[in-house]
Amino acid sequence: MRWFKYILFIFVSFVTVVSNAQSKLDINGYISNMGQSAFAKDAGNDYQFLNDFILHNRINMTWYANDNFTAHLEFRNQFVWGQSMANIPGYANEFARDRGFFNMNFNWWQNANNLMNTQFDRAYIEYVTGKFEISVGRQRVNWGRTLVWNPNDIFNAFSYYDFDYMERPGSDALRMKYYLGTASSAELVAKIDSSNDLTLAGLYKFNKWSYDIQFMGGYVYGQDIVVGTGWEGNIGKVAFRGEASYYQAAENFADTSGVFLASVGFDYLLGNKLTIQWEFLYNDTKTLIDIEQSPTAIFQAPSTSKSLSFSEYNIFANLSYIISPILTANLAGIYYTDYKGYFLMPAIDFSISSNLYFSLMYQYFNLELHNKRSGSNVAYARLKWNF
């Protein structure tokens, strides 16, 4: 029960401190209720359905102690009920899996058709003085420049398909940052994960030719040396961004077993209503996610930025159109060359009021596995209230 005592200690300590400074406490979050239905054809060519509901509550708390010190505590509670627990092996355990050094993700209970989970993904303190910043604890360290796949995001790899987790995971890390000018900075981050593996890396960022450019390098996942670069700017009216990383095993630094990943993306706004996005990913074949043995691995977030897809070449496109001030339509798609397959995700977002939203989403995968073409479907309906 060490994990529970640790989380309870953080929460009680935070509330005790901020109760003496209510004027410096900021609390926000949301509550959402999402229904989802996953369905695919079985061997008899009949559709089989798995229906679930997720009641999701997020709390974000920030305490501004003074001009220098800030404390952050953010967590989410998820109550899940439906058919997936009984039909997908390891479903409940996946909810409680924590990749950080501290186990701050747990199920209050789990049974045949429901579970209750709490996950702390931000719990850190931050100190700022002049041009220097230092933060320690579970925090988001985002070095990625592109939108879908991030070879530079060596601390917090995430899955594009997990659209309901917009905050993205955090890392148990020590972060130091120094601002060298108005558009340049240097930072150093050290992270330890659940396997006690160390990631230690530095980033240098500057502006040149109207582009934000970065170079990074370090020792990652307790085994690799990594170097990388990223950029973000414009070609005329088109936003242009990209990033690339090369990983080489520290024990075999002189051989040719390294891994290279790169992503490049473009955004274009047409007439203030239509946004067009395009992105390309190359993922070295030596680190592809294996979906031949476990097709459900598609939906799981990648554990590292060294392995971002199950296909060597990936092409993404998205159209977003503002139909009215309260209604937006999206259509996203990905083509995977290795499996002659594709992914589609149409969505509609409706703003009922300034803080109440209704969304409909649909995810469809069509892949050629074991010389047989198969498709899987997941439909979502979500009502979300922000506070």
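Remember, predicted model here, so these are calculated numbers, not experimental data. Hydrogens, waters and symmetry mates play no part in the numbers below; they use all other heavy atoms, side chains included.
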Residue pair Thr62 / Tyr64: nearest heavy atoms and the distance that separates them: CG2-CZ, 3.6 Å
Note, Leu288 side chain near Asp290 side chain (heavy atom, < 4.5 Å): no
Met166 reachable from Val148 in the ILVMFWY side-chain graph, under 4.5 Å edges: no
Pair Asn156, Ser171: side-chain N/O donor-acceptor within cut-off below 3.5 Å: yes
Ring centers of Phe280, Phe316 separated by less than 6.0 Å: no
Whether His72 and Tyr124 hold their rings parallel, tilted or perpendicular, with breakpoints at 30° and 60°: parallel
Student check: side-chain heavy atoms of Leu147 and Asp267 closer than 4.5 Å: yes
Under 3.5 Å donor-acceptor, Asp172 side chain and Phe102 backbone: yes
Geometric cation-pi criterion, Arg76 with Tyr165: 6.0 Å, 45°: yes
Rounded distance [0.5 Å steps], CD1 in Ile59 versus CG in Asn57: 4.5 Å
Asp52 (side chain) donor-acceptor with Gln83 (main chain) under 3.5 angstrom: yes
Salt bridge Arg145-Glu243, side-chain N to carboxylate O under 4.0 Å: no
Path from Phe215 to Tyr246 over hydrophobic side-chain contacts below 4.5 Å: yes
Side chain Lys205, main chain Asp212, donor-acceptor under 3.5 Å: no
CH2-OH distance between Trp149 and Tyr160, expressed to the nearest 0.5 angstrom: 9.0 Å
Near-ring test Tyr268/Trp278, centroid separation under 6.0 angstrom: no
Single-linkage hydrophobic cluster Val136~Ile192, side-chain heavy atoms < 4.5 angstrom: yes
Main-chain N/O of Ala173 paired to Gln139 side chain as donor or acceptor, under 3.5 Å: yes
Check: Tyr335 ring centroid to Tyr342 ring centroid under 6.0 Å: no
Phe387 and Trp385 aromatic ring geometry - parallel, tilted or perpendicular at 30°/60° bounds: tilted
Derivation of the side-chain contact (heavy atoms from CB on, under 4.5 Å) call for Val128 and Asn68: CA-CA 5 Å; Val128 179; Asn68 302 105; 5.6 Å; no
Ser311 side chain vs Asn314 backbone, donor-acceptor pair below 3.5 Å: no
Expected output: side-chain Asn114 to main-chain Val80 donor-acceptor under 3.5 Å: no
Gap between atom CG of Asn377 and atom CZ of Phe49 - 0.5 Å precision: 8.5 Å
From Asp98, Asp121, Asp193, residue fulfilling salt bridge (Lys or Arg N to Asp or Glu O under 4.0 Å) relative to Arg138: Asp98
Ring centres under 6.0 angstrom apart (Phe163, Tyr380): yes
Spatial distance of atom NZ (Lys208) from atom OG (Ser184) [nearest 0.5 Å]: 12.0 Å
Presence of salt bridge, Glu187 and Arg175, under 4.0 angstrom: yes
Tyr161 ring center within less than 6.0 Å of Phe365 ring center: yes
Candidate pair Asn117 and Asn105, rule side chain to side chain donor-acceptor pair (under 3.5 Å), full reasoning: CA-CA 7 Å; Asn117 173 270; Asn105 182 11; 2.9 Å; yes
Straight-line distance of Arg241 CZ to Tyr211 OH, nearest 0.5 Å: 11.0 Å
Residues in side chain to side chain contact (heavy atoms under 4.5 Å, CB included) contact with Asn234, at least two apart in sequence or another chain: Ala239
Any donor-acceptor N/O pair, Gln363 side chain to Val378 backbone, under 3.5 Å: no
Short side-chain to backbone donor-acceptor contact, Asn107 and Trp109, under 3.5 Å: no
Side-chain touch Leu200/Leu188, heavy atoms, less than 4.5 angstrom: yes
Electrostatic pair Asp197-Arg99, nearest N-O below 4.0 angstrom: no
Asn150-Trp143 side chain donor-acceptor pair, cut-off 3.5 Å: no
Straight-line distance of Ser245 OG to Asp224 CG, nearest 0.5 Å: 11.5 Å
Full working for side-chain contact (heavy atoms from CB on, under 4.5 Å) between Leu367 and Ile291: CA-CA 10 Å; Leu367 303 170; Ile291 62 170; 3.8 Å; yes
Criterion side-chain contact (heavy atoms from CB on, under 4.5 Å) on Tyr221 and Ser305, from CA distance to verdict: CA-CA 10 Å; Tyr221 318 133; Ser305 58; 2.8 Å; yes
Side chain proximity check, Ser263 to Glu279, heavy atoms < 4.5 angstrom: yes
Test side chain to side chain donor-acceptor pair (under 3.5 Å) applied to Ser309 and Asn283, step by step: CA-CA 7 Å; Ser309 179; Asn283 193 128; 5.5 Å; no
